[in-house]
Peer 1: 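If you scroll down you'll find the structure; I have some questions about it.
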2 protein chains.
Amino acid sequence: MKASVTMIEPNGHFCSDCAVRGIAVCASMDPAELREFEHLGRRVHFGAGETVFSEEDITTSFYNLLEGVMRLYKLLPDGRRQIVGFALPGDFLGMNLSGRHNFSADAIGAVTVCQFAKAPFGRFIEDRPHLLKRINELAIRELSQARDHMVLLGRRSADEKVATFLLGWRERLVSLKGASNTVPLPMSRQDIADYLGLTIETVSRTFTKLERHGAIEIIHGGISLRDPARVEALAAA
Amino acid sequence: MKASVTMIEPNGHFCSDCAVRGIAVCASMDPAELREFEHLGRRVHFGAGETVFSEEDITTSFYNLLEGVMRLYKLLPDGRRQIVGFALPGDFLGMNLSGRHNFSADAIGAVTVCQFAKAPFGRFIEDRPHLLKRINELAIRELSQARDHMVLLGRRSADEKVATFLLGWRERLVSLKGASNTVPLPMSRQDIADYLGLTIETVSRTFTKLERHGAIEIIHGGISLRDPARVEALAAA
DNA sequence: AAAGCCGATTGACGCAGATCAAATTTGACG
DNA sequence: CGTCAAATTTGATCTGCGTCAATCGGCTTT
């Protein structure tokens, strides 16, 4: 979907009261840097289903996700899709070598990002080793997650994939919303299927099976973990 | 396999005449830096099948691969293995956040690495923004490759996987050995299977099928591309 | 050169998950 | 509240790839 109702807020915001101040790239900046940094980014809103950037786009901006959830994915020429990750508030997007994004990013539901023009952002972090280190850390963490996901895609059964996904997604939400057995799933079944390398039918059937076995309860907009231990047993293999 | 015949060369070497001087991390160092850097690393040899480091190991060293090929992999508790990549000369290994390697690395055939103790290496790159940037670039490139591999694992058929692997492996060898239709495959069929998320039998059958169709010829220690266009067509899908 | 071994190949068969096809639920909108 | 469209679930069937089981071929050892 094309960005049609995108809104850009003209008036400034303050990093100091930003929701992701403590977890994002900016976490490693001191107050003086933050004041300078403030002028580089601007908040942009996207509606449900809008595309923030596409894999073949030349990279002109970096993005810090402030609010909402995004799906990050790659498409094969024939339309098959692999979701390579979901982005949550605090996630930093846009790093690349080739000068092009190497994946696409859609808003799932309403999204707010902090957008930075590539060149000024690059100048800002240049010669600020602690920021380079921070960016580096983010890249390495993602790399580690990517490797875990390769194991899931290449060597796990459908049951294991779904159980692992539910636990991993819950874990990511813990740091944002606190621990809970209620796990909201803002993405569609198709998104989950494309993330796990399955079909929508298999995901749906696996959810139903987990519910029949009393491991989870399927609720509106998500699931509730009824028997976390059982789900963990499935995920562990 | 445990490292039993590992050899460490006591006498120094010179980065300036190192085989990977132009492609590795060190590519971004000036001569003065290089002389200082020289004292940090030492060459270590590993025999075929030896493990250089394991995923649960505390990271004490970084490695620059000088000669040979390595397999990088993760194991599930029940023994299933996913190879997350093959390392070639010039590749830099060991970056992580947790303080532990998050994958294991074995030598495939004889291997020479340049080993750096973690702490002095960390001190050396600290406050050298161009080196941090270089490391960053390496991480981002790997991340991009990891995402491509997720697409392969999650959304491609066995034929596509094998064809894509052969072309990708050949491409990597081009920059080291020059272009050729003869593609050496130092890794076993089992390694290829664990890289592609297949079984050894499926890999073997797919090779045979490609050969029957005149796309490749299976030769000792590798394959020869007879009809690269046909293999590319299979890989593109 | 015979024996033994290990990786690779080949064949027969089975099954997890894909595909095809409805049915059902949910959500948006007048 | 009723209508329509989209998402999800469920069922029936199919198939690509895995599993199990020989067999083959190239190396090493003696």
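These numbers come from the heavy atoms of this one structure, side chains and all, not from hydrogens, waters or symmetry mates. This is a predicted model, so every value here is computed, not measured. A note on names: the letters A, B, ... follow the listed sequences, proteins ahead of strands, and every chain is numbered from 1.
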Peer 1: In whole angstrom, what separates A/L196's CG from C/dA18's P?
Peer 2: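 Taking atom P of C/dA18 as the reference, CG of A/L196 is at 11 Å.
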Peer 1: Output one letter per nucleotide in nucleotides 7-18 of chain D: B when a protein non-hydrogen atom lies under 4.0 Å from the base, S when only the sugar-phosphate is that close, - when neither is.
Peer 2: -SBBBB----SS
Peer 1: OP1 or OP2 of C/dG27 sitting under 4.0 Å from any side-chain N/O of A/H220?
Peer 2: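 Checking C/dG27 against A/H220, a side-chain N or O does come within under 4.0 Å of OP1 or OP2.
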Peer 1: Let me confirm one number: the OG1-CD distance from B/T112 to B/E67, rounded to the nearest 0.5 Å.
Peer 2: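 The distance works out to 4.0 Å.
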Peer 1: With heavy-atom distances below 4.5 Å as the criterion, would you say the side chains of A/E50 and A/D106 are in contact?
Peer 2: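 A side-chain contact is absent here, since even the closest heavy-atom pair is not under 4.5 Å.
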Peer 1: Rounded to whole Å, how long is the line connecting atom CG of B/L210 with atom P of C/dT10?
Peer 2: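 Taking CG of B/L210 and P of C/dT10, I get 13 Å after rounding.
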Peer 1: Would you call A/D194 and A/R80 a salt bridge, taking side-chain N to carboxylate O under 4.0 Å as the test?
Peer 2: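 Not counted as a salt bridge, because no side-chain N and carboxylate O are separated by less than 4.0 Å.
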Peer 1: Write down the distance between NZ (A/K209) and C1' (C/dG17), rounded to a whole number of angstrom.
Peer 2: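 It is 10 Å, rounded to the nearest whole Å.
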Peer 1: Side chain of B/H149, backbone of B/Y195: donor and acceptor closer than 3.5 Å?
Peer 2: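 Yes, B/H149 side chain to B/Y195 backbone: donor-acceptor pair under 3.5 Å.
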Peer 1: Taking the six-membered ring of A/Y73 (Phe, Tyr or Trp), confirm whether the NZ or CZ of A/R81 is under 6.0 Å from its centre and within 45° of its axis.
Peer 2: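 Verdict for A/Y73: a cation-pi partner in A/R81.
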Peer 1: Under the 3.5 angstrom rule, does the side chain of A/T164 hit a backbone N or O of A/E160 as a donor-acceptor pair?
Peer 2: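 Yes: the side chain of A/T164 pairs with the backbone of A/E160.
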